[in-house]
Trainee: 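Handing you this structure, nothing more for now.
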Amino acid sequence: QLQAFGGGLVQPGGSLRLSCTASGTIGIYTMGWYRQAPGKPRELVASITRYSATTYADSVKGRFTISRDNYKYMVYLQMNSLKPEDTAVYSCVAVLGRSEYWGQGTLVTVSS
């Protein structure tokens, strides 16, 4: 079971750190953050493999950083230089093979 938290209202140019907590070990999973804005399809924002290799959507490269702490069963998304177009519900996912485990999302609103 996964639970994302840390969202909120932030001004453009600001920062937020999202956290995703798991009820069990995540060491063998690829972990990811997705987001979905109203009226738009779900988008993969960032992912991190069990070996800590990372990938990012072009729209967030250089601004967002994904990290993991397997001992604490946690995954993080540090978001800097936020833009209004980053407004969305952010959800975390654990992937192993063809199995996916999703948690409830957290809303991030970037607005002045």
Side-chain angles (χ1 to χ4, degrees):
Q1 187 174 3
L2 301 173
Q3 178 67 54
F5 57 95
L9 175 63
V10 62
Q11 292 187 340
S15 298
L16 275 178
R17 188 196 197 202
L18 303 184
S19 300
C20 175
T21 182
S23 58
T25 181
I26 62 169
I28 61 173
Y29 292 87
T30 290
M31 304 298 296
W33 285 96
Y34 279 79
R35 68 185 180 186
Q36 188 164 23
K40 293 187 177 181
R42 189 169 60 193
E43 173 189 24
L44 176 61
V45 176
S47 66
I48 183 167
T49 71
R50 60 189 294 185
Y51 306 110
S52 293
T54 58
T55 60
Y56 296 94
D58 287 342
S59 58
V60 307
K61 280 181 181 176
R63 301 188 297 122
F64 290 11
T65 303
I66 188 171
S67 61
R68 65 192 296 161
D69 186 333
N70 293 335
Y71 297 104
K72 294 183 179 179
Y73 303 170
M74 296 287 291
V75 180
Y76 306 99
L77 186 68
Q78 178 66 43
M79 306 186 295
N80 299 327
S81 302
L82 283 162
K83 305 175 181 179
E85 51 263 42
D86 295 318
T87 295
V89 174
Y90 287 71
S91 303
C92 56
V93 62
V95 179
L96 181 64
R98 287 184 286 183
S99 297
E100 296 183 352
Y101 304 91
W102 289 84
Q104 286 189 320
T106 185
L107 176 63
V108 172
T109 303
V110 185
S111 175
S112 55

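Being a predicted model, the structure only gives us computed values, none of them experimental.
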Trainee: In Å and rounded to the nearest 0.5 Å, what is the CG to OG distance from L107 to S91?
Mentor: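 So the CG of L107 and the OG of S91 are separated by 10.5 Å.
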Trainee: Hydrophobic clusters here meaning ILVMFWY residues chained together by side-chain heavy-atom distances under 4.5 Å, can you tell me if I66 and Y34 are in one?
Mentor: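 As far as the 4.5 Å side-chain criterion goes, Y34 and I66 are not connected within one cluster.
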Trainee: Return the minimal non-hydrogen interatomic distance between A88 and A37, and the atom names on each side.
Mentor: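 Shortest heavy-atom separation between A88 and A37 comes out as CB-N, 3.8 Å.
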Trainee: About how many Å separate CG of L44 and OH of Y56, when rounded to the nearest 0.5 Å?
Mentor: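 Reported to 0.5 Å precision, the distance equals 11.0 Å.
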Trainee: Output the distance between atom CD1 (I26) and atom CG (N70), rounded to the nearest 0.5 Å.
Mentor: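 Between atom CD1 of I26 and atom CG of N70 there are 5.0 Å.
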Trainee: Is it true that a side-chain atom of T106 and a backbone atom of F5 form a donor plus acceptor pair closer than 3.5 Å?
Mentor: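 No, because the side chain of T106 does not come within donor-acceptor range (under 3.5 Å) of the backbone of F5.
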Trainee: Just how far is it from atom CD of Q78 to atom OG of S67, taken to the nearest 0.5 Å?
Mentor: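 Spacing of CD (Q78) from OG (S67) equals 8.5 Å.
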Trainee: Donor-acceptor pair, R63 side chain versus S81 backbone, under 3.5 Å?
Mentor: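 Yes: the side chain of R63 pairs with the backbone of S81.
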Trainee: Calculate, to the nearest 0.5 Å, the distance between atoms CG and OG1 belonging to N80 and T65 respectively.
Mentor: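 Output value for this atom pair is 6.5 Å.
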Trainee: To the closest 0.5 Å, what do you measure between CG (L2) and CE (M31)?
Mentor: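 Separation between the atoms: 5.0 Å.
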Trainee: May I ask whether V60 and L82 are part of the same hydrophobic cluster, defined by side-chain heavy atoms of I, L, V, M, F, W, Y residues being less than 4.5 angstrom apart, directly or through others?
Mentor: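 Yes; L82 is reachable from V60 via cluster members.
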Trainee: Looking only at the side chains, is there a donor atom on one of T55 and S47 sitting less than 3.5 Å from an acceptor on the other?
Mentor: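 Yes, because at least one side-chain N or O of T55 sits under 3.5 Å from a partner of the opposite role on S47.
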Trainee: Between V93 and L96, is there shared hydrophobic-cluster membership here, with clusters defined by ILVMFWY side-chain heavy atoms closer than 4.5 Å?
Mentor: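 Hydrophobic grouping puts V93 apart from L96.
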Trainee: Could you check whether D86 pairs with K83 (Lys NZ or Arg NE/NH1/NH2 to Asp/Glu carboxylate O, under 4.0 Å)?
Mentor: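 Between K83 and D86 there is no salt bridge, as every charged N stays at least 4.0 Å from the carboxylate O atoms.
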Trainee: Is the positively charged end of R68 above the ring of Y76, judged by distance under 6.0 angstrom from the centroid and angle within 45° of the axis?
Mentor: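 Output no; distance or angle outside limits.
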Trainee: Going through the checks in order, is the side chain to side chain contact (heavy atoms under 4.5 Å, CB included) test met by M74 and S19?
Mentor: CA-CA 7 Å; M74 296 287 291; S19 300; 3.7 Å; yes
Trainee: So if I apply the side-chain contact (heavy atoms from CB on, under 4.5 Å) rule between V108 and each of T87, L18, V89, which one comes out positive?
Mentor: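 The passing option is L18.
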Trainee: Run the side chain to side chain contact (heavy atoms under 4.5 Å, CB included) test on L77 and R17 for me, step by step, so that the C-alpha distance in whole Å, both residues' side-chain angles and the decisive distance to 0.1 Å come before the verdict.
Mentor: CA-CA 6 Å; L77 186 68; R17 188 196 197 202; over 6 Å; no
Trainee: Answer with yes or no whether the hydrophobic clustering places W102 together with V75; edges join I, L, V, M, F, W, Y residues whose side-chain heavy atoms lie under 4.5 Å apart.
Mentor: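 No: no chain of side-chain contacts under 4.5 Å links W102 to V75.
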Trainee: Taking atom CD as the centre, does Q36 end up with more than 12 heavy-atom neighbours from other residues, nucleotides or ligands that are less than 6.0 angstrom away?
Mentor: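 Count over threshold, so yes.
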Trainee: Could you walk me through whether V95 and Y101 pass the side chain to side chain contact (heavy atoms under 4.5 Å, CB included) check?
Mentor: CA-CA 7 Å; V95 179; Y101 304 91; over 6 Å; no
Trainee: What about L9 and V110, same hydrophobic cluster or not, with Ile/Leu/Val/Met/Phe/Trp/Tyr joined at side-chain heavy-atom distances under 4.5 Å?
Mentor: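 Different clusters.
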Trainee: When you compare the side chain of S111 with that of P84, does any pair of heavy atoms fall below 4.5 Å?
Mentor: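 A side-chain contact under 4.5 Å is absent here.
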Trainee: Could you check whether any side-chain heavy atom of F64 comes within less than 4.5 Å of a side-chain heavy atom of V45, counting everything from C-beta outward?
Mentor: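 Yes, their side chains come closer than 4.5 Å.
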Trainee: Would you kindly check if the NZ (Lys) or CZ (Arg) of R42 is within the cone defined by 45 degrees around the ring axis of W33 and under 6.0 Å from the six-membered ring centre?
Mentor: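 Relative to the ring axis of W33, which defines the angle, R42 lies outside at least one limit.
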Trainee: Please lay out, stage by stage, how R35 and S59 fare under the test side chain to side chain contact (heavy atoms under 4.5 Å, CB included).
Mentor: CA-CA 12 Å; R35 68 185 180 186; S59 58; 3.3 Å; yes
Trainee: Counting N and O atoms only, with roles assigned by atom type, does the side chain of S23 sit under 3.5 Å from a partner on the main chain of Q1, one being a donor and the other an acceptor?
Mentor: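 Such a contact is found between S23 side chain and Q1 backbone.
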